[in-house]
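One structure below.
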Amino acid sequence: MFLASAAAGAHEAAEGMTNEVIMHHLMDSNTMEFLFMEFHLPHIEIFGIDISITKHVIMMWFASLILVTMFGLSFRKKKMVNRGLANFLEMIVLFVRDEVVYNTLGEKEGKKVLPYLLTVFFFILTCNLLGLIPWGATATGNVSVTAALAILSFILIQAKGMISQGFFKYYMNLVPKGIPVFVIPIMIPVEIIGLFTKPFALCIRLFANMIAGHAVILSLLGLIFIAKAFLIPLPVLGALAISMLEIFIAFIQAFIFTILTSLFIGLAQHSH
């Protein structure tokens, strides 16, 4: 009886520890872990607004530093034929330029927004991959981060629409011409809502996909503490398989965010 109670208590403790570890990894916090050490980040508040440096902020800074260093060192010397990392980065840049941006916006309009779209692609990709390394954290698994990226895309979409069509014409063209008059009161709010559903979709799609993958991996690893000894290899293999899939998803989500932003810009530029 005593052994059964002890086993049940240990099982519940393991489950509680697993849940705590999962939530700690997924949620933002004011602490950073590295090599089993914990560092407390400074708390900053200005006029009652919390602007503290958090774990996800550090990861975004780290992602930016990696990109600046990687591109700076790779292309510091102009060469006719790039090799190594420079060749790999050039291949990705050309793919995004030709198959995503130019394919949806055309070369003339695509060149104007290419720097932003390339920056968004590589930033999201780097943040996604950083979340897969030990002691890392996925900044794109934070809805505030994905919302900020979506807001930037929303501003660019609206700006390009107004520049291409003119301010009044852009918003007048939201309602299709030739529709019955009695439908207009319904179409106007629907179209206005449609303006905001695009960035909302960008925000939630990226956030949900990134946080879901990590939750599955951590949940599988958590089964190690509550599974029977002979079943321990199963969650380990499952976590390894999902981790491999997460690397693919990291590229896919960066690609999807970029191509959808490009498509929405194209939709805003043309009234038809």
Can you tell me how far the [atom1] atom of [X] sits from the [atom2] atom of [Y], to the nearest 0.5 Å?
X      : Y      : atom1 : atom2 : value
Leu149 : Cys203 : CG    : SG    : 9.0 Å
Leu263 : Ile256 : CG    : CD1   : 11.5 Å
Leu156 : Ile151 : CG    : CD1   : 14.0 Å
Asn209 : Gln253 : CG    : CD    : 3.5 Å
Glu191 : Ile186 : CD    : CD1   : 12.5 Å
Glu90  : Asn87  : CD    : CG    : 6.0 Å

So, the side chain of Ser74 versus the backbone of Phe71: is there a donor-acceptor pair under 3.5 Å, distance only?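 Not a single qualifying donor-acceptor pair exists.
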Checking the side chain of Ser164 only, and the main-chain atoms of Gly161 only, is there a donor and an acceptor separated by less than 3.5 Å?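 Looks like no, no N/O pair under 3.5 Å.
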Quick one: are [X] and [Y] in side-chain contact, heavy atoms under 4.5 Å?
X      : Y      : value
Thr261 : Tyr116 : yes
Lys198 : Phe154 : no
Phe123 : Ser64  : yes
Ile92  : Phe122 : yes
Phe257 : Phe121 : no
Glu99  : Ile259 : no
Ile53  : Ile58  : yes
Phe207 : Asn142 : no

Would you kindly confirm whether [X] and [Y] end up in one hydrophobic cluster when ILVMFWY residues are joined by side chain heavy atoms under 4.5 Å apart?
X      : Y      : answer
Leu85  : Val93  : yes
Phe88  : Phe95  : yes
Leu152 : Ile163 : no
Val190 : Phe196 : no
Ile193 : Phe200 : no

Flag for Thr146-Thr140: side-chain donor and acceptor within less than 3.5 Å: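 No, Thr146 and Thr140 have no side-chain donor paired with an acceptor closer than 3.5 Å.
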Can you tell me if Gln269 and Glu109 form a side-chain donor-acceptor pair at under 3.5 Å?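 Glu109 and Gln269 do have a side-chain donor-acceptor pair below 3.5 Å.
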Among residues at least two apart in sequence or on other chains, which ones pass side chain to side chain donor-acceptor pair (under 3.5 Å) with Thr126? none
List the steps and the verdict of side-chain contact (heavy atoms from CB on, under 4.5 Å) for Thr138 and Ile211. CA-CA 8 Å; Thr138 310; Ile211 203 169; over 6 Å; no
Looking at Gln165 and Ala268, what are the two nearest heavy atoms and their distance?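 Heavy atoms of Gln165 and Ala268 come nearest at NE2-O, 2.6 Å.
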Identify the heavy atoms of Leu117 and Ser262 that sit nearest to each other, and give their distance. CD1-CB, 4.1 Å
Should we say atom CZ of Phe62 is surrounded by more than 12 heavy atoms from elsewhere, each under 6.0 Å from it?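 No.
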What do the steps show when you test Leu202 against Leu260 for side-chain contact (heavy atoms from CB on, under 4.5 Å), and what is the final call? CA-CA 8 Å; Leu202 290 174; Leu260 286 180; 3.6 Å; yes
Please evaluate residues Lys112 and Lys160 with respect to the criterion side-chain contact (heavy atoms from CB on, under 4.5 Å), reporting the C-alpha separation (whole Å), side-chain torsions for both, the decisive distance (0.1 Å), and the verdict. CA-CA 10 Å; Lys112 299 176 183 178; Lys160 291 298 293 180; 3.6 Å; yes
Considering the options Ile124, Val100, Leu118, Leu125, which one meets the side-chain contact (heavy atoms from CB on, under 4.5 Å) requirement together with Thr258? Val100
